Structure formats: structure tokens, C-alpha cells
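What follows is a set of notes on a single structure, which appears directly below.
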Amino acid sequence: VPVVGLTVSDMDRSLEFYTRVLPFTVESDAEAAGREWEQLTGVFGVRVRVVRLRLGSERLELTEYIAASTPGRPAPVDSRSNDRWFQHVAIIVSDMDSAYRLLRAHRVRSASTEPQLLPRSIPAAAGIRAFYFRDPDGHPLEILQFPSDKGDVKWQRRNALFLGIDHTAIVVGDTERSLAFYRD
């Protein structure tokens with residue numbers, strides 16, 4: 001199962017958000033350091049705390065840099081969805097209105113004005129409801145609700161409000177070059 005990774009600035013704050021506002025569960029929580037991690041990250045003197053979370057059958061891995069020779073930078077506050085560093089994680093919900101009310105009750109930072117119904121002019125997405133918001137570090141997150149004729153059959157379950165991670169997406173500058181790299 002692929003794992004989506006995000007770098008966070010304060011692990012305890014992020015865990016509060018991902019396990020109390022959103023219903024992720026902690027699978028592992030460990031610190032790591034050493035030459036292998038320096039080579040992997042390209043950061044000298046690195047020590048990280050890595051927490052693996054689960055929602056449904058999907059995983060999200062949060063990494064906090066506890067020590068590093070140079071501090072990391074936050075994403076620019078004026079980031080937009082068409083910036084090439086933009087990435088979002090899409091979480092499927094069984095009931096958009098209930099999920100939206102829960103997020104509003106927890107005062108999450110919205111990136112959308114409200115849940116949107118994707119238009120019929122996009123046949124593959126028509127009828128999907130979507131809402132963007134941000135985690136404590138400003139990472140864009142999206143909740144989606146699929147109509148009965150869209151999405152994987154597992155997203156049609158009604159046994160929980162938050163069902164799992166459907167996808168993560170990044171912005172590219174040239175689709176054909178990116179497909180050649182990622183696909184070919």
C-alpha cells in the first residue's frame with residue numbers, strides 16, 4: 001500500500017489534528033538519525049520523528065525534523081493551487097454535509113468557501129462533492145464524496161464518516177514531460 005508523506009513543524013500539534021479532528025489512528029511513532037537518514041534527506045546532522053497514521057486501509061506518514069543543520073522553510077502563505085509545489089491529499093467521506101459541519105466545529109482553516117458540486121461539464125467528475133481545507137502547517141487537504149456511480153466501490157460504504165485516502169495530487173508544468181517521467 002503506498003504511503004503519502006508530509007513534513008510537519010510540530011508533531012504533537014499535527015497528531016492532535018489528525019487523530020482528534022480527523023480520525024486517523026497511530027500505527028507507529030519513532031525517532032531516527034544517522035548517516036542513512038542524512039543521505040536520504042540530504043540534510044547533515046538530521047534527527048527526525050516519523051509517525052505513521054492509518055485511515056481505512058491507507059497510510060499517511062508525518063515527519064518532523066527535530067534536528068537539522070539548516071531549518072526547513074514553510075510553504076509560502078500565498079500559495080495557490082496552480083503553484084508547482086502544490087500538493088494535496090484527498091480524503092473520502094460518506095456524508096459531505098456532516099464532515100463539513102465537523103470541520104467547521106473544529107474551526108479548520110478553509111481553502112474553499114464551502115463544499116462544491118463538480119459540474120456536469122466534466123463528465124468523469126460530475127456529481128462529486130469537494131471541499132478544501134488546511135492542516136495546522138497549511139498543507140492542503142480535500143474531502144470528497146462520490147455519488148453512487150463514481151469512485152471505487154469501497155468509497156460507497158457508510159460505516160464511517162471518514163473512509164480513507166483516495167489520492168494525492170501535485171501540480172506539473174508540462175503534462176507530457178511529467179507523464180514520460182512518472183509513467184514511462
Side-chain angles (χ1 to χ4, degrees), residues 1-9 14 18 22 24 27-28 30 32 34-44 46 48-65 68-70 72-93 96 111-112 115-135 137-157 162-184:
V1 174
V3 176
V4 177
L6 296 173
T7 300
V8 300
S9 62
S14 292
Y18 282 98
L22 300 174
F24 284 82
E27 285 194 331
S28 64
R35 184 167 166 71
E36 300 84 22
W37 280 91
E38 289 177 354
Q39 290 175 332
L40 176 68
T41 63
V43 178
F44 177 76
V46 70
V48 294
R49 179 178 175 195
V50 180
V51 177
R52 184 167 284 193
L53 304 171
R54 183 178 51 79
L55 180 61
S57 59
E58 292 76 39
R59 310 276 182 309
L60 179 67
E61 191 171 86
L62 304 178
T63 302
E64 176 186 10
Y65 284 73
S69 57
T70 56
R73 296 180 299 244
V77 292
D78 62 346
S79 291
R80 296 178 312 268
S81 61
N82 62 338
D83 289 326
R84 291 196 193 152
W85 56 77
F86 182 84
Q87 174 188 11
H88 79 272
V89 176
I91 300 167
I92 305 306
V93 297
M96 178 61 76
S112 300
Q116 303 291 313
L117 182 65
L118 300 181
R120 295 182 194 275
S121 60
I122 311 170
I128 296 172
R129 294 184 71 198
F131 174 71
Y132 281 92
F133 61 105
R134 297 186 184 278
D135 79 356
D137 279 297
H139 296 115
L141 301 172
E142 175 185 33
I143 52 173
L144 290 173
Q145 181 181 3
F146 288 112
S148 59
D149 65 334
K150 300 257 184 331
D152 190 294
V153 68
K154 73 180 183 176
W155 301 138
Q156 300 304 323
R157 297 184 318 238
F162 293 89
L163 301 173
I165 298 171
D166 180 68
H167 67 272
T168 183
I170 60 172
V171 173
V172 298
D174 183 317
T175 301
E176 292 307 315
R177 282 184 44 202
S178 295
L179 284 172
F181 177 78
Y182 288 107
R183 181 190 62 205
D184 304 335

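Because only heavy atoms are used, hydrogens play no part in the values below, and waters and symmetry mates are left out as well, while side chains stay in. Keep in mind it's a predicted model, so treat the numbers as computed, not measured.
- Of the charged side-chain nitrogens involved, none lies within less than 4.0 Å of a carboxylate oxygen, so that E27 and R52 do not count as a salt-bridged pair.
- The minimum heavy-atom distance linking G127 with P147 is given by the pair O-CD, 3.5 Å.
- Using a 4.5 Å cut-off on side-chain heavy atoms (C-beta onward), F24 and L62 make no contact.
- Using a 4.5 Å heavy-atom threshold, the side chains of W155 and L144 count as separate.
- No side-chain donor-acceptor contact under 3.5 Å links E61 to the backbone of V3.
- Although no hydrogens or angles enter the test, the distance criterion places a donor-acceptor pair under 3.5 Å between the side chain of D152 and the main chain of K154.
- When all heavy atoms are compared, the tightest approach of E142 to H88 is OE1-NE2, 2.9 Å.
- A donor-acceptor distance shorter than 3.5 angstrom exists from the side chain of K150 to the backbone of A126, with no hydrogens or angles considered.
- The closest donor-acceptor contact from the side chain of R177 to the backbone of T175 lies at 3.5 Å or more, if one exists at all.
- Closest non-hydrogen pair, D174 versus E176, comes out as OD1-N, 3.1 Å.
- A donor-acceptor pair under 3.5 Å is absent between the side-chain atoms of D166 and the main chain of A90, judged by distance alone.
- The distance from the OG1 atom of T63 to the CH2 atom of W37 is 6.0 Å, given to the nearest 0.5 Å.
- The backbone N or O of I122 lies less than 3.5 Å from no partner atom in the side chain of R120, so there is not a single donor-acceptor pair.
- Side chains of Y18 and L6 form a contact here, defined as non-hydrogen atoms less than 4.5 Å apart.
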